[in-house]
Peer 1: 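Would you mind keeping the following structure in view while I ask a few things?
Values below: all heavy atoms of this structure, side chains included; hydrogens, waters and symmetry mates excluded. Letters go in sequence order (proteins before strands), and every chain restarts at 1. For clarity, every value in this text was computed on a predicted model and none was experimentally measured.
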There are 2 protein chains.
Amino acid sequence: MIETFTALSEPNRLRIVELLRDGPQAVGVIADTLGLNQPQVSKHLNTLKKAHLVEVEAKAQQRLYRLDMQGLQLIDQWLDRYRRIWTDRLDQLDDVIADMTRKQEE
Amino acid sequence: MIETFTALSEPNRLRIVELLRDGPQAVGVIADTLGLNQPQVSKHLNTLKKAHLVEVEAKAQQRLYRLDMQGLQLIDQWLDRYRRIWTDRLDQLDDVIADMTRKQEE
DNA sequence: AAAGAATATTCCTGTCAAGGAATATAAATT
DNA sequence: AATTTATATTCCTTGACAGGAATATTCTTT
């Protein structure tokens with residue numbers, strides 16, 4: 001989890017992930033699109049790869065990077081542990097409203 | 001988004017958030033439970049508060065911190081933009097399988 | 001008012017990660 | 001083999017940040 005959140009906590013890496021929503025891109029294209037230097041992008045992509053947020057496919061001298069759903073699904077699963085809580089919170093709100101309504105009728 | 005991910009990318013802050021799933025806690029309790037120094041915990045809680053991951057309720061000299069769903073829902077909404085993609089990926093897999101089945105029957 | 005309980009904040013230090021620049025590596029073309 | 005295309009990696013610098021220690025602030029009790 002830490003690795004995933006850390007990877008996404010850097011603005012340029014978040015931008016890369018968002019860019020890859022539209023499909024696989026080569027390193028140079030990512031660099032040009034985001035206005036970053038190529039070595040910079042390579043380093044960021046390495047971090048994202050280690051966090052299972054992107055994966056790479058070699059195509060001649062090109063390296064096409066695409067989203068790796070594994071990392072994103074990890075976040076989704078982590079969030080599952082909190083969804084019950086915010087559902088419970090809504091249930092409690094229903095209780096409070098029902099309570100207030102009952103008190104109003106008394 | 002950056003602030004949210006950054007807040008969660010520090011191990012102790014992640015632990016704090018996970019601890020608060022069970023309900024609100026005072027600073028000192030969090031510190032004792034996680035084996036951290038109180039000032040440390042205060043600083044982390046401040047970061048989490050700024051990222052809308054926790055909120056605080058003053059109770060005499062105590063400060064009870066509880067989860068703030070806003071930050072977590074922000075992640076959930078961010079993830080929504082990727083769910084379509086991993087659904088699309090599954091659809092494409094269905095296509096590939098259908099294609100292979102058709103070719104097998106030829 | 002002083003003392004105690006609980007917490008927030010500041011100052012300082014050391015670590016680490018991001019960017020820049022240079023270079024190494026991989027693959028294709030000439 | 002030499003050159004070109006595309007990328008990965010290394011070295012260096014610097015700013016950000018976490019923890020420790022000390023202190024300030026908030027609130028209650030004596």
Peer 1: Applying side-chain hydrogen bond (donor to acceptor under 3.5 Å, both in side chains), name anything that partners Thr47(A), two or more places apart in sequence or on another chain.
Peer 2: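 In terms of side-chain hydrogen bond (donor to acceptor under 3.5 Å, both in side chains), with neighbours along the sequence ignored, Thr47(A) is linked to no residue.
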Peer 1: Which residues pass the side-chain hydrogen bond (donor to acceptor under 3.5 Å, both in side chains) test with Glu57(A), not counting sequence neighbours?
Peer 2: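 Glu57(A) satisfies side-chain hydrogen bond (donor to acceptor under 3.5 Å, both in side chains) with Arg66(A) only.
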Peer 1: Both Thr47(B) and Ala26(A) contact DNA chain D. Taking the nearest nucleotide for each, which residue is further toward the 5' end?
Peer 2: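 Taking each residue's closest nucleotide, the earlier one in sequence belongs to Ala26(A).
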Peer 1: Protein within reach of the bases, or only the backbone? For nucleotides 25-30 of chain C, mark each nucleotide 5' to 3' as B, S or -, using heavy atoms under 4.0 Å.
Peer 2: -SSS--
Peer 1: What residues, two or more places apart in sequence or in another chain, satisfy side chain to side chain contact (heavy atoms under 4.5 Å, CB included) together with Ala26(B)?
Peer 2: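 Expected list: Val29(B), Gln62(B), Leu64(B).
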Peer 1: Which of residues 6-17 of chain A sit near DNA chain D, with a heavy atom under 4.0 Å from it?
Peer 2: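 Hits under 4.0 Å, by residue number: none.
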Peer 1: Can you give the donor-acceptor pairs under 3.5 Å from side chains of residues 12-21 of chain B to other protein atoms, not counting sequence neighbours?
Peer 2:
from, atom 1, to, atom 2, distance (Å)
Asn12(B), OD1, Arg15(B), NH1, 2.5
Arg13(B), NE, Ala7(B), O, 2.8
Arg13(B), NH1, His44(B), ND1, 3.2
Arg13(B), NH2, Thr6(B), O, 3.3
Glu18(B), OE2, Trp78(A), NE1, 3.0
Glu18(B), OE2, Arg81(A), NH2, 3.3

Peer 1: Find the distance between CE (Met69(A)) and CG (Leu74(A)) and round it off to the nearest 0.5 Å.
Peer 2: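 Going from CE on Met69(A) over to CG on Leu74(A), the span is 13.5 Å.
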Peer 1: Round to a whole Å and report the spacing from CG of Asn46(A) to C1' of dT7(D).
Peer 2: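 Between C1' of dT7(D) and CG of Asn46(A): 12 Å.
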Peer 1: CG of Leu45(A) versus C1' of dA18(C): gap in Å, rounded?
Peer 2: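 Computing the Leu45(A):CG to dA18(C):C1' distance gives 14 Å.
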Peer 1: Starting from P on dA17(C), measure out to CD on Glu3(A) and report it in whole angstrom.
Peer 2: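 From Glu3(A) CD to dA17(C) P: 11 Å.
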Peer 1: I want to check one thing: is the phosphate of dA8(D), taken as OP1 and OP2, less than 4.0 Å away from some side-chain N or O of Tyr65(A)?
Peer 2: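 Yes, within the criterion.
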Peer 1: Rounded to the nearest 0.5 Å, what separation is found between the OG atom of Ser42(A) and the CG atom of Leu36(A)?
Peer 2: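 Taking OG in Ser42(A) and CG in Leu36(A), the distance rounds to 11.5 Å.
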Peer 1: Could you state the atom-to-atom distance from CD of Gln62(B) to C1' of dA5(C) in whole Å?
Peer 2: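 Rounding to the nearest Å, CD of Gln62(B) and C1' of dA5(C) are 9 Å apart.
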Peer 1: For Asp80(A), what residues pass the salt bridge (charged side-chain N to carboxylate O under 4.0 Å, His left out) criterion, not counting sequence neighbours?
Peer 2: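 Only Arg83(A) meet the salt bridge (charged side-chain N to carboxylate O under 4.0 Å, His left out) criterion with Asp80(A).
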Peer 1: In chain order, what residues pass the side chain to side chain contact (heavy atoms under 4.5 Å, CB included) check against Asn37(A), with sequence neighbours excluded?
Peer 2: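 Only Pro39(A), Gln40(A) meet the side chain to side chain contact (heavy atoms under 4.5 Å, CB included) criterion with Asn37(A).
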Peer 1: Let me confirm one number: the CG-CG distance from Asp76(A) to Leu72(A), rounded to the nearest 0.5 Å.
Peer 2: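 Spacing of CG (Asp76(A)) from CG (Leu72(A)) equals 9.0 Å.
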Peer 1: In whole Å, I'd like the distance from the NZ atom of Lys50(B) to the P atom of dC17(D).
Peer 2: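 Roughly 12 Å, once rounded to whole Å.
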Peer 1: With axes from five pairs an end, tell me the bend angle of the helix from dA1(C)-dT30(D) to dT30(C)-dA1(D), nearest 10°.
Peer 2: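 Result, rounded to 10 degrees: 10°.
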Peer 1: Listed in order of residue number, which residues of residues 35-44 of chain B have a non-hydrogen atom at under 4.0 Å from DNA chain D?
Peer 2: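 When residues 35-44 of chain B is checked for heavy atoms under 4.0 Å from DNA chain D, the hits, listed by number, are Asn37(B), Pro39(B), Gln40(B), Lys43(B), His44(B).
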Peer 1: Within the 4.5 Å heavy-atom criterion, are Leu53(B) and Leu8(B) side-chain neighbours or not?
Peer 2: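 Yes, close enough: below the 4.5 Å cut-off.
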Peer 1: To the nearest 0.5 Å, how far apart are OG in Ser9(A) and CE in Met1(B)?
Peer 2: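 The CE atom of Met1(B) is 11.0 Å from OG of Ser9(A), to the nearest 0.5 Å.
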Peer 1: Roughly how far, to the nearest 0.5 Å, is CD1 of Ile2(B) from CD of Glu10(A)?
Peer 2: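 That separation rounds to 7.0 Å.
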Peer 1: Strictly by salt bridge (charged side-chain N to carboxylate O under 4.0 Å, His left out), give each pair with a member in residues 41-50 of chain A just once, sequence neighbours left out.
Peer 2: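 Salt bridge (charged side-chain N to carboxylate O under 4.0 Å, His left out) check on residues 41-50 of chain A returns no pairs.
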